[in-house]
Amino acid sequence: MSSPFVGFISILLVVLVSASCCSTHGSTEKEKTLAIIKPDGLLGNYTNDIKRKVLEYGFSISKEKIVHLDEVTVKRFYAEHSSKSFFSSLINYMTSGPVLVMVLEKDNAIADWRALMGPTDASKAKITHPHSIRAMCGLNTEKNCVHGSDSSKSAQREISFFFGELSTDVITEHDEL
């Protein structure tokens, strides 16, 4: 009859070897997404509430910085919307004050961040997703407080845009404001 302690050591050894194996092969890398707290969120003093929700939802914030975007930068970031009627209004809004840009990480980060943000139209979010960030601090479709990448390719491009970490040949399209 073997000692229970020997069984425990065997289990512990298997767990340690498994953890060591997986971490050295990078399979524990979390998905990343870009999040922006827009001028109305930052100037409206929602930053701490938003960051608290982000952390409560299981994200880690791996990078963050506050920037005041200029017109040229906003035009480059939202280039795919340049032919749309709201483009000049979007430029005015995004240059109206500083923004907080963050890289969020967790399993399923892109979809989870989009769910936490809520619908693009903040007035609808207040009805259909009352616990979302846009319901908490957004006003309408344009002034909706936060931005999030809509796909893995958009996340790579957007993170690179603000933090210069990835190649610049990533597809430059996303359809979410």
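Not counting sequence neighbours, the partners of Ala135 by the side-chain contact (heavy atoms from CB on, under 4.5 Å) test are Ala125, Lys126, Ser132. In terms of the salt bridge (Lys or Arg N to Asp or Glu O under 4.0 Å) criterion, Asp70 has no residue partners (sequence neighbours excluded). Listed by chain and number, the residues in a side-chain contact (heavy atoms from CB on, under 4.5 Å) with Leu139 are Lys143 (sequence neighbours excluded). For Lys124, the side-chain contact (heavy atoms from CB on, under 4.5 Å) test picks out Asp121, with sequence neighbours left out. With sequence neighbours excluded, the residues satisfying ring-ring contact (aromatic ring centres under 6.0 Å, His included) with Phe162 are Phe77.
Residues Ala155 and Lys32 share a closest heavy-atom pair of CB-O, 3.6 Å. Nearest heavy-atom pair across Glu158 and Gly148 is OE1-C, 4.4 Å.
Ile110 has its side chain out of reach of Asp150: every pair of non-hydrogen atoms, C-beta onward, lies at least 4.5 Å apart. Inter-residue side-chain proximity for Met102 and Ile37 is flagged as met; some heavy-atom pair is nearer than 4.5 Å. Two residues are said to be in side-chain contact when any heavy atoms from C-beta on lie closer than 4.5 Å; Ile36 and Val146 fail this criterion. In this structure, Thr95 and Pro39 have side chains that are not in contact, with every pair of non-hydrogen atoms separated by 4.5 Å or more.
Linking ILVMFWY residues whenever their side-chain heavy atoms come closer than 4.5 Å, directly or via other members, places Met117 and Leu55 in the same cluster.
Aromatic ring pairs are classed by plane angle as parallel below 30°, tilted from 30° to 60° and perpendicular above 60°; the pair Tyr57 and Phe59 is parallel.
Checking side-chain atoms of Trp113 against main-chain N and O of His147 turns up a donor-acceptor pair under 3.5 Å. In this structure, Glu31 contributes its side chain and Ala109 its backbone to a donor-acceptor pair below 3.5 Å. The main-chain N or O of His131 is found under 3.5 Å from a side-chain atom of Lys53 such that the two form a donor-acceptor pair. Of the possible donor and acceptor atoms, one in the side chain of Asn144 sits under 3.5 Å from a partner among the backbone N and O of Thr120. Judged by distance alone, the side chain of Ser149 and the main-chain N or O of Leu34 form a donor-acceptor pair under 3.5 Å.
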**OP:** Show the numbers, then the answer: is there a side-chain contact (heavy atoms from CB on, under 4.5 Å) between Lys51 and Leu100?
**Re:** CA-CA 10 Å; Lys51 288 174 79 173; Leu100 175 63; 4.1 Å; yes

Original post:
When you look at Met136 and Ile50, which way does the side-chain contact (heavy atoms from CB on, under 4.5 Å) test go after all the steps?
Top reply: CA-CA 9 Å; Met136 174 178 66; Ile50 293 170; 3.6 Å; yes

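Considering NZ of Lys106 and NZ of Lys30, their distance stands at 9.0 Å, rounded to 0.5 Å. Once rounded to the nearest 0.5 Å, the distance linking CD of Glu29 with CG of Asp107 reads 11.0 Å. If you take CZ on Arg76 and CZ on Phe161, they are separated by 4.0 Å, rounding to the nearest 0.5 Å. Annotation: the span from Asp40 atom CG to Tyr46 atom OH amounts to 8.5 Å, rounded to 0.5 Å. Here the straight-line distance linking atom OH of Tyr93 with atom CZ of Phe86 works out to 13.0 Å at 0.5 Å rounding. Rounding to the nearest 0.5 angstrom, the gap separating the NE2 atom in His81 from the OG atom in Ser88 is 13.5 Å.
Remark: of the listed residues Val67, Leu69, Ile66, Ile66 is the sole one forming a side chain to side chain contact (heavy atoms under 4.5 Å, CB included) with Pro98.
Residue pairs meeting the disulfide (SG to SG under 2.5 Å) criterion with at least one member in residues 82-151, sequence neighbours excluded: Cys137-Cys145.
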